[in-house]
Amino acid sequence: MIQFHRKYNWISLETENSIIISTLVERWKNMLDSNLKESAYHEFIHDNAGFFFGNDNCYLTISKLKLGSDYETDFINVIDQRSNGIIYELIEIEKPNSKLFTTGGAPAKDFSNAMQQIRDWKRFLMENKTWFKKYLPSQTTRVVSNPGVIFTIIIGRRTENSLEIEKRNQIADELKINIRSFDYLTDLLERRRFFNNACLDINGELWLENQIENPFYKAISDSKWRKFCSSKFNWTHFYKNSCKEIVKIRDYNNLIHDFLNNSTSEENEI
């Protein structure tokens, strides 16, 4: 397994270890062409959160964070805005075969349910500022104007139907949310780039700059995030100030074994 004080050659995932990524993308595309339960897609994204969402301002994804006792997010991306604090992206996923609109042009069932879910989340956050400050701490608890949270629905497949696109964009603009297809997630996988070091300027611990870039991390659980929030942390320059703790609380998927056991394993360390 990963030894945290060593440095690894994550860039090799674009070259010597590219088979790991191509196989992952193929598995994902096969899933999109299958009529699976929503839970199957959630599990795949959960186990490969670092490949879908990891970038230079997001190294941590939370799975199924409960908003009070009534609501639960599918995922939350913790996005570091440096001195401007954290933006939390709350994500609701449906299924690749879910439709946005009926033949009559009205929002279809899954799409309507997803939009209602977002409305419920917004209302909960506006009415529960104490909870908001405790479990989504940042520079603001605003939800509507200059918010500390953004909302994303991932549903269906990409379409070239211009009328549907126009209606979808109108709804997204009115609700002030993002509406993405599952093909958007495919794009994130296929366009993922890898770096051996972050740009966090962590003094004297260069291994942390390497370890935070580890793309094999899974989404963390509700309980892990709540425990993390019980300790005081600085929400400005979040990843720089919390890097060591984040590296330790993340779990890593089984693809890490393929990376470490690659026949050119000597190229996996730097």
Side-chain angles (χ1 to χ4, degrees), residues 21-22 24-46 48-49 51-58 61 63 71-79 81 87-126 142-193 219:
I21 305 304
S22 61
L24 183 68
V25 171
E26 182 179 6
R27 286 174 56 203
W28 173 249
K29 287 183 175 180
N30 287 338
M31 288 181 66
L32 296 190
D33 292 332
S34 305
N35 187 17
L36 305 177
K37 293 181 178 179
E38 180 186 317
S39 58
Y41 301 103
H42 185 281
E43 181 180 3
F44 191 93
I45 297 168
H46 169 279
N48 299 285
F51 288 105
F52 281 107
F53 302 125
N55 58 55
D56 66 354
N57 63 3
C58 182
T61 298
S63 173
Y71 308 115
E72 182 180 82
T73 62
D74 278 313
F75 296 103
I76 297 179
N77 285 326
V78 184
I79 301 170
Q81 301 290 296
I87 296 290
Y88 297 92
E89 181 187 19
L90 281 65
I91 300 174
E92 169 71 10
I93 67 167
E94 294 297 328
K95 297 186 293 294
N97 62 351
S98 295
K99 303 298 182 184
L100 270 71
F101 302 101
T102 66
T103 54
K109 181 180 178 181
D110 287 348
F111 189 29
S112 293
N113 290 342
M115 288 190 289
Q116 185 58 49
Q117 189 78 269
I118 298 297
R119 294 187 185 99
D120 290 340
W121 295 351
K122 286 185 176 183
R123 187 176 67 252
F124 174 86
L125 294 174
M126 288 187 287
R142 290 189 294 269
V143 176
V144 178
S145 177
N146 298 316
V149 288
I150 57 177
F151 302 89
T152 298
I153 294 172
I154 298 175
I155 182 172
R157 300 299 298 273
R158 186 166 287 152
T159 179
E160 295 183 2
N161 184 314
S162 59
L163 180 58
E164 281 202 359
I165 293 171
E166 183 180 340
K167 292 175 66 175
R168 180 201 67 194
N169 291 344
Q170 179 185 356
I171 291 172
D173 185 60
E174 289 173 351
L175 295 181
K176 293 181 172 55
I177 64 174
N178 303 308
I179 302 171
R180 307 286 193 183
S181 72
F182 275 76
D183 298 286
Y184 161 76
L185 295 178
T186 306
D187 291 343
L188 295 182
L189 276 183
E190 292 185 319
R191 298 172 183 174
R192 180 72 156 88
R193 292 295 173 261

Notebook entry, point to check: Do you see a donor-acceptor pair shorter than 3.5 Å between the side chains of Q117 and N113?
Noted result: no

Margin query: Contact between Y41 and W28 at the side-chain level, heavy atoms closer than 4.5 Å - yes or no?
Written below: yes

Notebook entry, point to check: Regarding R123 and Y71, is there a side-chain donor-to-acceptor distance under 3.5 Å anywhere?
Noted result: yes

Item checked: Straight-line distance of I153 CD1 to L175 CG, nearest 0.5 Å -> 7.5 Å

Item checked: Side-chain touch L32/N30, heavy atoms, less than 4.5 angstrom -> no

Margin query: Less than 6.0 angstrom from the centroid, inside 45 degrees of the normal: does K167 satisfy that with respect to the ring of F101?
Written below: yes

Next item on the list: Locate the shortest heavy-atom distance separating S63 from A219; write the atom from each residue and the value.
Entry: CB-CB, 3.8 Å

Next item on the list: Could you check R157 against D33 for salt bridge (Lys or Arg N to Asp or Glu O under 4.0 Å), going step by step and ending with a plain yes or no?
Entry: CA-CA 10 Å; R157 300 299 298 273; D33 292 332; 3.5 Å; yes

Notebook entry, point to check: Going from CG on D173 to CD1 on I179, what distance comes out if it is rounded to the nearest 0.5 angstrom?
Noted result: 10.0 Å

Item checked: Whether F75 and H42 hold their rings parallel, tilted or perpendicular, with breakpoints at 30° and 60° -> parallel

Next item on the list: Find the distance between OG (S22) and CG (L189) and round it off to the nearest 0.5 Å.
Entry: 11.5 Å

Margin query: Looking at N55 and C58, would you say the former's side chain and the latter's main chain have a donor-acceptor pair under 3.5 Å?
Written below: yes

Margin query: Pair W121, T73 - check side-chain hydrogen bond (donor to acceptor under 3.5 Å, both in side chains), show working.
Written below: CA-CA 8 Å; W121 295 351; T73 62; over 6 Å; no

Next item on the list: State, with a plain yes or no, whether a side-chain heavy atom of I91 is found less than 4.5 Å away from one of N77.
Entry: yes

Next item on the list: Might you confirm whether atom CD of E38 has over 12 heavy atoms from other residues, nucleotides or ligands at distances under 6.0 Å?
Entry: yes

Margin query: Evaluate R158 against D187 for salt bridge (Lys or Arg N to Asp or Glu O under 4.0 Å), listing each step before the verdict.
Written below: CA-CA 11 Å; R158 186 166 287 152; D187 291 343; 2.6 Å; yes

Next item on the list: Answer yes or no: is there a side-chain heavy-atom contact under 4.5 Å between Y88 and V78?
Entry: yes

Next item on the list: Assess whether side-chain hydrogen bond (donor to acceptor under 3.5 Å, both in side chains) is satisfied between E174 and Q170, documenting all intermediate values.
Entry: CA-CA 6 Å; E174 289 173 351; Q170 179 185 356; 3.1 Å; yes

Notebook entry, point to check: Got a donor-acceptor contact below 3.5 angstrom from the S34 side chain to the L36 backbone?
Noted result: no

Margin query: Quick one, I150 and I87 - any side-chain contact, counting heavy atoms below 4.5 Å?
Written below: yes

Item checked: Gap separating the CD1 atom of I171 from the CD atom of E166, nearest 0.5 angstrom -> 11.0 Å

Next item on the list: Indicate yes or no for a side-chain donor-acceptor contact from N48 to the backbone of F51 under 3.5 Å, with no hydrogens or angles considered.
Entry: no

Item checked: Any donor-acceptor N/O pair, S98 side chain to E94 backbone, under 3.5 Å -> no

Check: Within a strict 4.5 Å, meaning less than it, do heavy atoms of the L185 and I45 side chains meet?
Finding: yes

Notebook entry, point to check: Is there side-chain contact between F44 and L24, with heavy atoms separated by less than 4.5 Å?
Noted result: yes

Next item on the list: Can you spot which of I118, L125, D120 makes a side chain to side chain contact (heavy atoms under 4.5 Å, CB included) with K122?
Entry: I118

Next item on the list: Mind checking the CD1-CZ spacing from I155 to R180? Nearest 0.5 Å is all I need.
Entry: 14.5 Å

Note to self: Please evaluate residues D110 and K99 with respect to the criterion salt bridge (Lys or Arg N to Asp or Glu O under 4.0 Å), reporting the C-alpha separation (whole Å), side-chain torsions for both, the decisive distance (0.1 Å), and the verdict.
What the structure shows: CA-CA 7 Å; D110 287 348; K99 303 298 182 184; over 6 Å; no

Check: To the nearest 0.5 Å, how far apart are CE in M31 and CZ in F182?
Finding: 9.0 Å

Check: Can you find a heavy atom in the side chain of E92 that is under 4.5 Å from one in the side chain of I154?
Finding: no

